[in-house]
Structure formats: C-alpha cells, structure tokens
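Reminder, nothing fancy here: chain letters follow the sequence lines and each chain counts from 1.
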Amino acid sequence: MQRAGGSGRGAGRAAVNIADTMNSGQVFLWRSVQKKGRGLWWYGVQGQETLRVDGDTGRTSTYRKGGKWSAYKKDLFRDSDNPGRIPESMPQDDVTAEAARRYRDLRIIRQDPYQCMVSFITSANSNIRRITGNLSRMAETFGRPVDVGGGAGTMHLFPAASALAGATIREIRECGVGYRAAYIKEASEMVESGEIDFGRIREMKDYGDMMDAMLAIPGVGNKVADCIMLFSLERLDAFPLDRWMLRVLGTRYGDVFGSRGSHAVSSAPSSAPSSSSPPSPLEHLTDKRYRAAHDKIAEYFGPYAGYAQQWLFKMARDDAGASWRQKM
DNA sequence: CCAAGGCCTGAATG
DNA sequence: ACATTCAGGCCTT
C-alpha cells in the first residue's frame, strides 16, 4: 500500500493511492513501469494524449512532441474535490466507515468522455481482462502510435470518434468485442455527428435528464450510463449498480435498502442465488427500479456517493480475493 | 411497465 | 479432454 502526496492533512494535498486507483476498474489502458530507483511510473492513454503519473506523488505529465513531458493541467485525480474531507460527508455506519478508512486515497479519475463511453460499452457483460484486450486492440488498430520512450515505448492513442465511426462493424468486431461492435460504431457516429455532445450533456443539472441523454446511446444502459457520468461527466452522485454492488448492498446494507433474505446471499462471487429466495427491490433492475434505487442511494450516501461506490466496490473485490485483478 | 431469453468471447470450472 | 458456466448488461420480444 502506498500513500503519497504528502504526509499531513490540511497542510498539503490529500494523499492519493495510485495503485488502488488504477486497479479499481475505472480505467483499462494504464500500466506501470518500474522506475530506475524505487517506485513506479504509470503510463496511460487519455483520449488523444498519453499521460505519465508518478506512482508515489500522483504528479501527472502529458507527452509532448519532441520527447518532453509537461505538467498535465486537468486535475486528473480530482484534487479539487478536497478528497481528504469526503468521508465526513458520508454516513457513519460501520461499513461505510471501514471502506472510507481503507480506501479514502482511492480517487476517481477524470476521464475523456468519448474514451470512457467506448470503454464501458465494451465492458457490458464482460470482464476486466477481456475489456483491456479489446480496448488495446482498438487503440492499436485505430489509434495513432506515439513513441514516448522510457520504459513504455510505443503507445497508441485512443481512436478518434471519426475513426471508429468510419470503421466497419467487422473491423471493430475483430478487436474481440463481439456484438458490442455495432453499438460502438453507432455511438461513435452519434458523437461524430454531434448528436451526442458531451459538453452539453455535462452541463445538465438534473441526474434524470442526464441519464435520459445517456440511455439514448446504443449499448448504454443504466449501469454503463452511471459509469460514464461518474468518470467523465462530473456526476459525483452517480453510483453504478452492478452485481458486485448489489451484493454489497444486499448483504451489508440490507437494513438501509430493504433487501430481504440477506442471509441467503453468499459472499462468494460465483454463488448462485437460491431459487426460492424472495424477490428484492434490488433484483432484476428495470430502468424504473434502477432510478428508484439511485435516489435512495444518493440520499443515503450524499453528494459524493460515487466515491462510496468506488470504495465499497474495491473493498468487496479485495475481500473476495484478488484473482480478478488484471495482471500486467 | 415487467420478465425472460439471447448474445460475442474466452478463462475458469466441473 | 470436452462441455458448461459466467463475467462489473443491454436489447428485443
């Protein structure tokens, strides 16, 4: 476990745990390279830029022509959220408190919206290992190569929307994305044409309005929408509900969110639900039930509910065993 | 509105 | 070995 970014609270920036942040399922095109001395560099693709992060301090640079790295100015790790104080805004129940204590330095990465959209369309009904391979192949096939030197060598920028919009479904499918290829092409066409305008969507004040805009994108359902909103559209109250989160909410927040029969839900990831278990509000999430759940969750966890989601998600995965983690 | 079933793929499981 | 399951869902019926 590395904590970084200064020792004290109050005085300097709050700490940031780069490894936890990079390994929490938010991003897929980052990898670490051993520094010459102690520590790691993290190299990643962020839209049409290649970034490098100091694994100890979180200091972020962007690659410029001519082999230079210059300071990245977009607050990648959201220091402006004042992360050290976010736990105060959350409920003080035991589970949330434990997640905050263990993962308070796990940040939310401010991502490029188009890349984020394609990434999470690709993620649906998939797994991290495969998603990483899919996106890497898309970048290699449709993204411009950049030699950043150092230990990272040649990286590929994320494909521009025009590149994936102009590709054939077959070409996209050859990256291993299966039936999602058509969604990726169509969604890219919508971005290219301006039908999807992330700059405009980002300005929407109402969660429901923004959700409606996201659900108009092919391949985007509620869960993927929440990921895109949380990671790239400044919706920090977005709370992606996937199987893992449903399990956590059912087993550890049953009192709060009204899931019945929580004792019947095993903590083992592959356990099959009991065939005779009673229906729960958190099972078979339809759009309507998903939104209702969101409202209760946002009310309970507060304006930074998305951070709680990330911390709880990481805690659940870590406690279930680390075999899911992608090996790079 | 809701429930059920299909869907690419490949690593993991039996 | 070989078949089945399942993975951080979405879409259509």
Side-chain angles (χ1 to χ4, degrees), chain A residues 20-28 106 108-109 111 116-138 168-187 190 211-212 214-231 238-251 266-273 275 277-294 297 306 308-327:
Chain A
D20 274 1
T21 300
M22 295 298 185
N23 289 320
S24 58
Q26 296 182 53
V27 291
F28 306 96
L106 191 172
I108 288 170
I109 299 172
Q111 297 188 39
C116 190
M117 178 193 78
V118 174
S119 297
F120 285 94
I121 290 175
T122 301
S123 80
N125 198 21
S126 187
N127 56 72
I128 290 179
R129 194 61 175 271
R130 182 178 169 197
I131 299 161
T132 300
N134 293 161
L135 294 170
S136 297
R137 265 168 280 172
M138 279 190 261
T168 64
I169 293 175
R170 171 192 287 270
E171 288 170 328
I172 298 172
R173 187 183 273 261
E174 282 168 2
C175 298
V177 299
Y179 59 84
R180 304 165 193 79
Y183 302 149
I184 292 167
K185 177 175 170 64
E186 280 185 61
M190 291 167 74
M211 178 60 82
D212 288 340
M214 302 308 297
L215 295 183
I217 303 171
V220 176
N222 294 96
K223 186 268 177 182
V224 169
D226 263 340
C227 289
I228 302 168
M229 290 158 66
L230 176 60
F231 300 140
F239 193 104
L241 287 171
D242 55 30
R243 323 164 58 109
W244 284 91
M245 287 315 303
L246 294 178
R247 187 174 302 121
V248 171
L249 295 180
T251 56
S266 162
S267 61
S270 58
S271 70
S275 58
S277 63
S280 152
L282 294 178
E283 286 174 23
H284 294 301
L285 281 188
T286 61
D287 179 51
K288 186 186 176 83
R289 290 205 278 246
Y290 191 103
R291 293 191 199 222
H294 165 83
I297 286 165
Q309 191 272 356
Q310 285 298 293
W311 298 344
L312 290 165
F313 178 81
K314 185 81 163 87
M315 184 164 74
R317 300 295 297 245
D318 283 353
D319 289 352
S323 61
W324 63 276
R325 215 181 301 237
Q326 57 183 318
K327 297 156 196 133

Using the [atom1] atom as the reference point in each nucleotide, state the distance between [N] and [M] in Å, no decimals.
N: C:dG8; M: B:dA3; atom1: C1'; result: 22 Å
N: C:dT4; M: B:dG6; atom1: P; result: 15 Å
N: B:dC8; M: C:dC2; atom1: P; result: 26 Å
N: B:dG5; M: C:dT5; atom1: P; result: 14 Å

Across the strands shown, which category fits [X] at heavy-atom distances under 4.0 angstrom: base, sugar-phosphate, nothing?
X: A:N222; result: sugar-phosphate
X: A:P240; result: nothing
X: A:T286; result: sugar-phosphate

Using atom [atom1] of [X] as one end and atom [atom2] of [N] as the other, report the distance to the nearest whole Å.
X: A:E174; N: B:dG10; atom1: CD; atom2: C1'; answer: 18 Å
X: A:R137; N: B:dC8; atom1: CZ; atom2: C1'; answer: 12 Å
X: A:I228; N: C:dG9; atom1: CD1; atom2: P; answer: 14 Å
X: A:R243; N: C:dC10; atom1: CZ; atom2: P; answer: 13 Å
X: A:I121; N: B:dC7; atom1: CD1; atom2: C1'; answer: 16 Å
X: A:D242; N: C:dC10; atom1: CG; atom2: C1'; answer: 14 Å
X: A:L285; N: B:dA4; atom1: CG; atom2: P; answer: 14 Å
X: A:D226; N: C:dG9; atom1: CG; atom2: P; answer: 13 Å

I'd like to know if [X] reaches the base of [N] with its side chain such that a donor and an acceptor end up less than 3.5 angstrom apart.
X: A:R129; N: B:dG10; value: no
X: A:Y290; N: C:dG9; value: no
X: A:R180; N: C:dC11; value: no

If you only use heavy atoms from C-beta on, which nucleotide in [options] is closest to the side chain of [X]?
X: A:K288; options: C:dG8, C:dC10, B:dC2; answer: B:dC2
X: A:Y183; options: C:dG8, C:dC11, B:dT9; answer: C:dC11
X: A:R130; options: B:dT9, B:dA3, C:dC6; answer: B:dT9
X: A:N125; options: C:dC6, C:dC10, B:dC7; answer: B:dC7
X: A:R173; options: B:dC2, C:dG9, B:dT9; answer: B:dT9
X: A:R289; options: B:dA3, C:dG9, B:dC1; answer: B:dA3

Which atoms form the tightest heavy-atom contact between A:K223 and A:L241, and what is the distance?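 Nearest heavy atoms, A:K223 then A:L241: CG-O, 3.5 Å.
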Could you tell me which non-hydrogen atom of A:N23 sits nearest to which non-hydrogen atom of A:K314, and how far apart they are? O-CE, 3.6 Å
Under a 4.5 Å cut-off applied to non-hydrogen side-chain atoms, are [X] and [Y] in contact?
X: A:D226; Y: A:M214; answer: no
X: A:I121; Y: A:E186; answer: no
X: A:Y183; Y: A:V224; answer: no

Pair assignment for C:dA7, Watson-Crick or G-U wobble, requiring both distances under 3.5 Å: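 The answer is B:dT9, by the H-bond criterion.
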Between A:F28 and A:F120, does a ring pair (Phe, Tyr, Trp, His ring centres under 6.0 Å) hold up when you go through it step by step? CA-CA 10 Å; A:F28 306 96; A:F120 285 94; 5.6 Å; yes
